[in-house]
Amino acid sequence: MEPTKKISDSVIEMTELVLPNDVNLLYNLKGGRLMHWIDIAAALTASKHSGHVVATVSMNSLDFKHPIHLGEMVKLVATLVSVGNTSMKIKVNVWAENLQTGSVVKTNEATLVFVALDDNGRPIRVPRLSE
């Protein structure tokens, strides 16, 4: 019987603070920095599910809905969407919280695909998703 895991077993929540080095000339979080954080959160979810090192195959979408400002707290939540034989599709939702006002806004969502790798860098089967 193939190993299975629940989606909830691999959810990752990551929190970052937007510092001066993270922003552009408008004092908004740089898109590249956010992409970096999204990739890390999604990779952690894929690694946790597969139990292996993973490689990013693609970022299928990244929607920018609202800017994230200097000094705001960023929360990223990465969740498995589906699995193939060796691949995993991950969705990452991003929220920004203004620590002075308490206002929370969903700013971004992204979908990425990862492949699990064995010790020789070759694709390896991942656990199925259970109900």
Which pair of heavy atoms, one from L99 and one from G71, lies closest together, and at what distance?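 Result for this residue pair: CD1-O, 4.0 Å.
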Can you tell me if [X] uses its side chain to pair, donor with acceptor, with the backbone of [Y] under 3.5 Å?
X	Y	answer
R33	V18	no
D22	L19	yes
R125	P123	no
N24	N28	yes

If you group Ile, Leu, Val, Met, Phe, Trp and Tyr by side-chain heavy-atom gaps below 4.5 Å, do [X] and [Y] land in one group?
X	Y	value
V113	I40	no
Y27	W37	yes
W95	M35	no

Mind checking what makes side chain to side chain donor-acceptor pair (under 3.5 Å) contact with S58, not counting sequence neighbours? N60
Side chain to side chain donor-acceptor pair (under 3.5 Å) involving D9 - partner list, sequence neighbours excluded: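 So D9 forms no side chain to side chain donor-acceptor pair (under 3.5 Å) with any residue.
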Distance, nearest 0.5 Å, that separates [atom1] of [X] from [atom2] of [Y]:
X	Y	atom1	atom2	result
L112	M59	CG	CE	4.0 Å
D63	T107	CG	OG1	11.0 Å
L76	I12	CG	CD1	11.0 Å
T79	N93	OG1	CG	7.0 Å

Residues that S10 engages under side chain to side chain contact (heavy atoms under 4.5 Å, CB included), provided they are two or more places apart: T45, K48, H49, L80
Check whether more than 12 heavy atoms from other residues, nucleotides or ligands sit under 6.0 Å from atom [atom1] of [X], and answer yes or no.
X	atom1	value
K5	NZ	yes
K30	NZ	yes
F64	CZ	yes

Are E13 and K75 close enough, and set up right, to give a salt bridge (Lys or Arg N to Asp or Glu O under 4.0 Å), and what steps lead you there? CA-CA 7 Å; E13 292 188 14; K75 181 178 178 182; 3.5 Å; yes
Verify whether one side chain among S103 and N98 offers a donor that lies under 3.5 Å from an acceptor in the other.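 No, because no side-chain N or O of S103 sits under 3.5 Å from a partner of the opposite role on N98.
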